[in-house]
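Just so you know, these numbers use all the heavy atoms, side chains as well, and skip hydrogens, waters and symmetry mates.
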Amino acid sequence: YDNIQMFNVRMMDSETLSCNKFVLPFVVEDINRKGKSFTFDMETAAIVCLAETQRKKQGLLGGLSEEFSFVSKIHYPLWAVPWGDKCLIVDGLGFSSYDDEYLEPPNVKIFVEDLKRDSFVREEFRNALKKHAESFKDFVATVDFSLNAVVAKKSLLHDLLEYFKEGTPLNENGSVMVPIVLKRGDALETCEKFIQYWRKIQADIKGFQYALNILNEETKLNKQGTISEIEQLREKYANEISRLKSDIEKKVKKLTKKQEAEIAKMTKAAEKKMKAAAKEKEKYERKLQILERNMVLLQKKVEASKRKKGESKVARWSYELKMCQREIDNINREIKAVSLLIERTRKEGKDAVRELEKRHQKMVEQEEAKITDLMALQNSDITGKQRELEELLLESSHIKNLIKRLIEQKKMHASKFKEETAISWKLDEITLVCLPFYLVRYVREAEARYRVYSPTAATDYKGILKSVQKAIRSFDLESRINLLLRLRSKELSDMLSSALIGKMRENKAFEGKIFEICRSSNLLNSTDFKESLTKGVRELKEEGWVKLGEVHTIISKYGGI
């Protein structure tokens, strides 16, 4: 045993020897196991029994049976590298790998520079927004990222974390290790590259957030600037409208005064003309009254002359009556003409006043329209500014939403990245985790094959359902041992088998190293193997996993090696 340990020490570098080590148990008792503790002797016996059942025997057509070259318990190296309150797991043989697709972000620097350079001129700022309207529509490219040796399978990491909870610190160099390919420094370097990649993703998120902050700040400044301009426009137009109203009020008063003077002048002229016509009419009416009286007298004279039969007088008075009538008719025509003149003068005066009032009203309306036009111009200018602000905010909001979407994608990527690559196991410094497994080498003539037995959990015979207990005795030995030692993790088993056996097939030098290590640590050659196997098989028999005949067969075949 001491020789084995010394050989193992020589296979390790001084850096590895000086680091913290953590050894894991091969068998962990199932929580339902309530019987006797599962001993190392039982572990040894169970593995030998299982290996024996899977050894190829001589067939009906002859041929030699396989024999054990060695049955060795060795440890697979895993590096646990602290990362905050978590840790990364690095495969000490470098078989594992992490593959990812890095989402290359748009050029945030150019975007920020364009915003800052054009932020003082609103139109230029808007042009910058339009220029970058689709800059953040998607990531620029997808770049493959690959890093060897990092264990980054979520289900496997989950199994390992549960497994690590059952391990213990290694106080001495008591674990036979597979030759470590990645030394402590290599593991740290690998994790540093890994963490740099993580930081790159975080830097992308911070870059997006910085761009978002700059966009918010510059948008806020431009918004405040536009609002300030709108307020200045309101104030400017309010002053102009106030001055214009004052000027118009003065003009309207002046126009009204002028209108009143013109109306008074026109009214006075019309009244003067009508008054003169009225006097003339009165003159004609007085004259008409005299003529009408004369006409009455002449009619009487005509009638009197007719009664007296004075023909000459009748003719005379009839002629004068006729002349009087003609003069009356002329006077009536004059009176009528004067009356028409008076009425026309009155109407013309009213029409002239009405026309003057219309002209005045039109002039007043023209002056008041200046206020309406100025208010319309104010509304147009302010509405234009408000529309510009709405468009600016809309363009800014569009870019914000695009950036936020990219941030969410990056955060999801980062979250998935950390979730799939780190486990919640806090360490103070890098630790070498020794993962136990059994490696069996079978030989037949010139042929050799290997079989890996991964960590297991020991079940309780009494805990199995009674219906199964009755059937157990009809099971073959392999089935019973597999029922006893339940595979702890299929993911872990697949990793050990594919990594180790695959590497040995590819690399004969590596196979040679494994062969030497396992030959030196062959359980079959250890001084206490017979005693341990005998004790272990009997303990398995007591629990009902092995039959009496099988006990004798196993002990007789391997107990004397």
Give a yes or no answer on whether the side chain of Lys73 reaches the backbone of Val176 with a donor-acceptor pair at less than 3.5 Å. no
Is the backbone of Val433 close enough, under 3.5 Å, to the side chain of Tyr76 for a donor and an acceptor to pair up by distance? no
Can you establish whether the number of heavy atoms outside Glu531 located under 6.0 Å from its atom CD is more than 12? no
Once the angle between the rings of Trp198 and Trp83 is folded into 0 to 90°, is it parallel (under 30°), tilted (30 to 60°) or perpendicular (over 60°)? perpendicular
Can you see whether Ser479 engages Asn482 through a side-chain donor-acceptor pair at a distance of less than 3.5 angstrom? no
Taking the side chain from Thr534 and the backbone from Lys530, do they hold a donor-acceptor pair closer than 3.5 Å? yes
About how many Å separate CD of Glu101 and OG of Ser146, when rounded to the nearest 0.5 Å? 12.0 Å
Given the rule in the salt bridge (Lys or Arg N to Asp or Glu O under 4.0 Å) test, do Lys490 and Asp494 qualify, once you have shown the distances and angles that lead to the verdict? CA-CA 6 Å; Lys490 186 178 183 305; Asp494 291 344; 3.0 Å; yes
Closer than 4.0 angstrom, basic N to acidic O: yes or no for Arg405 and Glu408? no
Above 12 or not: heavy atoms from other molecules or residues under 6.0 Å from NZ of Lys535? no
Salt bridge flag under 4.0 Å for residues Arg55 and Glu52: yes
Do Arg449 and Glu66 come within less than 4.5 Å of each other through their side chains, counting heavy atoms only? yes
Any chance the rings of Tyr98 and Phe417 have centres within less than 6.0 Å? yes
Using modelled atom types and a 3.5 Å cut-off, is there a donor and acceptor pairing between side-chain atoms of Asp91 and backbone atoms of Val151? no
Between Glu419 and Lys154, does any NZ, NE, NH1 or NH2 come within less than 4.0 Å of an OD or OE carboxylate oxygen? yes
Sidechain-backbone polar pair: Glu104 side chain, Val143 backbone, donor-acceptor under 3.5 Å: no
Between Glu123 and Arg126, does at least one N-O distance fall below 4.0 Å, as a salt bridge requires? no
Under 6.0 Å between the ring centres of Trp545 and Phe475? no
CD on Gln209 to NZ on Lys410, rounded to 0.5 Å: 12.5 Å
With no hydrogens and no angle check, is any side-chain donor or acceptor of Arg441 less than 3.5 Å from a backbone partner on Tyr450? no
Residue pair Glu506, Lys503: steps toward the salt bridge (Lys or Arg N to Asp or Glu O under 4.0 Å) verdict: CA-CA 5 Å; Glu506 295 172 3; Lys503 180 72 172 177; 5.6 Å; no
Once rounded to the nearest 0.5 Å, what's the spacing between atom CE of Met177 and atom OG of Ser521? 12.0 Å
Pair Lys57-Ser65, side-chain hydrogen bond (donor to acceptor under 3.5 Å, both in side chains): steps then yes or no: CA-CA 4 Å; Lys57 313 298 191 297; Ser65 300; over 6 Å; no
Straight-line distance of Leu157 CG to Phe164 CZ, nearest 0.5 Å: 8.5 Å
Under a 3.5 Å threshold, yes or no: a donor from one side chain and an acceptor from the other, between Thr226 and Arg122? yes
For Lys547, is there any backbone N or O sitting under 3.5 Å from a side-chain donor or acceptor partner on Glu550? yes
Determine, stepwise, if the pair Glu491 / Ser155 fulfils side-chain hydrogen bond (donor to acceptor under 3.5 Å, both in side chains). CA-CA 7 Å; Glu491 298 279 1; Ser155 54; 2.9 Å; yes
Proximity of Phe136 and Phe111 rings by center, below 6.0 Å: yes
Look at Arg488 together with Glu166 and state whether they make a salt bridge at an N to O cut-off of under 4.0 Å. yes
Check the pair Glu192, Arg199 against salt bridge (Lys or Arg N to Asp or Glu O under 4.0 Å), reporting the backbone distance first and the verdict last. CA-CA 10 Å; Glu192 181 58 31; Arg199 288 171 180 164; 3.5 Å; yes
Backbone N or O of Glu516 within a donor-acceptor pair of the Ser520 side chain at under 3.5 Å? yes
Ion pair check, Lys183 and Asp186, cut-off under 4.0 Å: no
Does Gln409 form a side-chain contact (heavy atoms from CB on, under 4.5 Å) with Met412? I'd like the steps, not just the answer. CA-CA 5 Å; Gln409 286 182 255; Met412 287 175 63; 5.6 Å; no
Between Phe145 and Tyr197, does the ring centre distance come in under 6.0 Å? yes
Parallel, tilted or perpendicular: which one describes the rings of Tyr442 and Phe68, with boundaries at 30° and 60°? tilted
How about Val90 and Leu188: do any of their side-chain heavy atoms sit closer than 4.5 Å? no
For Asp85 and Lys426, indicate whether the former's side chain and the latter's backbone hold a donor-acceptor pair under 3.5 Å. no
Under the 3.5 angstrom rule, does the side chain of Thr219 hit a backbone N or O of Leu215 as a donor-acceptor pair? yes
